[in-house]
Amino acid sequence: MTKEYYTSFGKDQWNREDWLVVRSPRWEDVSHWLQNDDCIANYVPDDLKPEDMQMGRDRTGESYISMLLKQPVTGSVRLSTTCAFDSRMAPLIVLSRELGPVHHEHLEVVLYDRGVNLWHHFYKDGKPSWKLLSFIELDLAIGEKHILTAEMIFTHKGRFLLMGCDGKTFGCRIADDWPETYYVGFTGCEGRNRFYDFRVIPGRTDSEAMKERVSD
């Protein structure tokens, strides 16, 4: 992808053919999108309690749905989505090494009421595993729109991820073997999440937060 990509998820404003729905390897279940006038939301069964939707529970997969853009990105890129959550969590941006019907190794920039987490998902001994790489603590309102961002930055000093919400940012260095070409998208899970848009801006933006830290 060499040009900026933007879509609104309002009714009749986005092309489903641009996206691949991807299932979590942790559950066989996959949710589906509910189309609203101004956004899409992940379907949540009426009898699913908030505690049943949190990670590690038997029914978590019933509210989980993820999509990746079929067109890959290369090098530095800035991602953003306007989103909201109806319970405590957890709309998120995904960066994946590969495109396929089931997630393998990928990064998740996760929004919830206490802030933003960066999770690394990978396989260990043939089983899906995950670890927390970084986080920022914020007090984020439930039911209100937030702008979640993630910027992948490639330099000769390494690969960095600058993340944030509503203008507050934090960064993390990621593995040097992260591929130069990869896939991006988003996930709704652990409650009803609403996505209003998604934007991809190729190239480095050289934000003030990272200039001194990763300058060439």
Side-chain angles (χ1 to χ4, degrees), residues 1 5-7 9 19 22 24 26 40 42 54-55 60 63-69 72-73 75-85 87-99 103-122 128-142 144-154 158-175 178-179 182-191 193-202 204-205 207 209-210 213-214:
M1 185 180 298
Y5 174 91
Y6 174 81
T7 187
F9 288 114
W19 300 86
V22 184
S24 169
R26 299 170 64 183
I40 55 175
N42 56 321
Q54 295 181 14
M55 287 299 170
T60 305
S63 67
Y64 180 105
I65 185 169
S66 185
M67 293 201 304
L68 293 174
L69 278 170
V73 298
S76 299
V77 68
R78 179 178 172 84
L79 313 168
S80 68
T81 181
T82 304
C83 56
F85 48 98
S87 186
R88 291 195 60 212
M89 50 194 81
L92 59 97
I93 289 174
V94 180
L95 302 96
S96 178
R97 284 181 175 264
E98 60 187 66
L99 181 70
H103 275 305
H104 288 277
E105 186 176 2
H106 62 285
L107 300 170
E108 293 181 347
V109 181
V110 183
L111 180 70
Y112 76 121
D113 64 333
R114 294 295 303 276
V116 181
N117 293 332
L118 172 62
W119 290 93
H120 177 209
H121 287 256
F122 55 96
S129 305
W130 52 94
K131 62 182 178 181
L132 182 66
L133 297 184
S134 189
F135 65 91
I136 185 172
E137 186 173 1
L138 301 170
D139 185 13
L140 299 173
I142 295 171
E144 294 186 7
K145 291 182 181 179
H146 300 283
I147 298 176
L148 180 65
T149 61
E151 182 176 358
M152 182 70 77
I153 302 171
F154 281 68
R159 284 124 161 91
F160 299 83
L161 193 58
L162 178 65
M163 302 146 282
C165 178
D166 299 340
K168 298 186 183 299
T169 59
F170 66 108
C172 180
R173 181 166 181 167
I174 63 172
W178 182 262
Y182 50 101
Y183 296 86
V184 299
F186 59 93
T187 299
C189 60
E190 298 188 80
N193 305 162
R194 304 178 188 276
F195 294 89
Y196 296 85
D197 59 21
F198 192 80
R199 186 184 301 271
V200 181
I201 303 176
R204 282 175 58 176
T205 64
S207 60
M210 296 296 285
R213 297 174 174 87
V214 300

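Start at 1 with the first residue, then count along the sequence.
Residue Cys189 comes nearest to Tyr64 through the heavy atom pair CB-CD1, 3.7 Å, listed as atom of the first residue, atom of the second, then distance. When every heavy atom of Leu148 is checked against every heavy atom of Val109, the shortest pair comes out as CD2-O, 3.5 Å. Pairing each heavy atom of Cys83 with each of Phe195, the nearest pair is CB-CD2, 4.0 Å. Across all non-hydrogen atoms, the minimal contact from Leu161 to Met163 is O-CE, 3.4 Å. Shortest non-hydrogen contact noted between Gly188 and Asn193 is CA-OD1, 3.1 Å.
Side-chain contact between Ser66 and Phe186 is absent, with no heavy-atom pair separated by less than 4.5 Å. Contact annotation: the side chain of Ile65 never approaches that of Thr187 to less than 4.5 Å [non-hydrogen atoms, C-beta and beyond]. The shortest distance between side-chain heavy atoms of Glu151 and Leu79 does not fall below 4.5 Å. You'll find the side chain of Tyr182 reaches within 4.5 Å of the side chain of Val77, heavy atoms only. Side-chain contact between Phe135 and Val116 is absent, with no heavy-atom pair separated by less than 4.5 Å. Between Tyr5 and Arg199, every side-chain heavy-atom pair lies at or beyond the 4.5 Å cut-off. In this structure the side chain of Arg173 never reaches within 4.5 angstrom of the side chain of Arg159, judged on heavy atoms.
With hydrogens and angles ignored, the 3.5 Å screen pairs no side-chain donor or acceptor of Asn117 with any backbone N or O of Val110. Of the possible donor and acceptor atoms, none in the side chain of Arg204 sits under 3.5 Å from a partner among the backbone N and O of Ser76. Using modelled atom types, no side-chain atom of Thr82 and backbone atom of Asp197 make a donor-acceptor pair closer than 3.5 Å.
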Audit row: Ile147, Thr81, side chain to side chain contact (heavy atoms under 4.5 Å, CB included) steps and yes/no = CA-CA 6 Å; Ile147 298 176; Thr81 181; over 6 Å; no
task = For Trp119 and Trp130, run side chain to side chain contact (heavy atoms under 4.5 Å, CB included): C-alpha distance rounded to whole Å, both residues' side-chain angles, the deciding distance at 0.1 Å, then the answer.
result = CA-CA 7 Å; Trp119 290 93; Trp130 52 94; 3.7 Å; yes
task = Please assess Met1 against Val200 for the test side chain to side chain contact (heavy atoms under 4.5 Å, CB included), listing each intermediate value before the final yes or no.
result = CA-CA 9 Å; Met1 185 180 298; Val200 181; 3.6 Å; yes
inquiry  = Run Phe160 and Trp178 through ring pair (Phe, Tyr, Trp, His ring centres under 6.0 Å) and show every step you take.
reply    = CA-CA 10 Å; Phe160 299 83; Trp178 182 262; over 10 Å; no
ask   = Are Val73 and Tyr183 close enough, and set up right, to give a side chain to side chain contact (heavy atoms under 4.5 Å, CB included), and what steps lead you there?
value = CA-CA 6 Å; Val73 298; Tyr183 296 86; over 6 Å; no
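From Ser134, atom OG reaches atom CG of Leu107 across 11.5 Å, with rounding to the nearest 0.5 Å. Atoms OH and CG, on Tyr112 and Leu138 in that order, are 9.5 Å from each other to the nearest 0.5 Å.
Within a 6.0 Å sphere centred on CD1 of Ile136, other residues, nucleotides and ligands contribute more than 12 heavy atoms.
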Scan the side chains in residues 89-99 for donor-acceptor partners under 3.5 Å anywhere in the protein, sequence neighbours excluded, and list what turns up.
from, atom 1, to, atom 2, distance (Å)
Ser96, OG, Glu98, N, 3.3
Ser96, OG, Glu98, O, 2.7
Arg97, NE, Glu105, OE1, 2.8
Arg97, NE, Glu105, OE2, 3.4
Arg97, NH1, Asp177, O, 3.3
Arg97, NH2, Asp177, O, 3.4
Arg97, NH2, Asp177, OD1, 3.0

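Annotation: Phe9 is not in aromatic contact with Phe198 [ring centroid separation under 6.0 Å not met].
Here Glu144 pairs with Ala141, His146 under the side-chain contact (heavy atoms from CB on, under 4.5 Å) rule; sequence neighbours left out.
No donor-acceptor contact under 3.5 angstrom links the side chains of Asn42 and Ser63, judged on distance only.
Ion pairing of Glu190 with Arg88 is absent here, as no side-chain N (NZ or NE/NH1/NH2) approaches a carboxylate O to less than 4.0 Å.
The aromatic rings of His103 and His106 sit parallel to each other, their planes meeting at less than 30°, with 60° as the upper class boundary.
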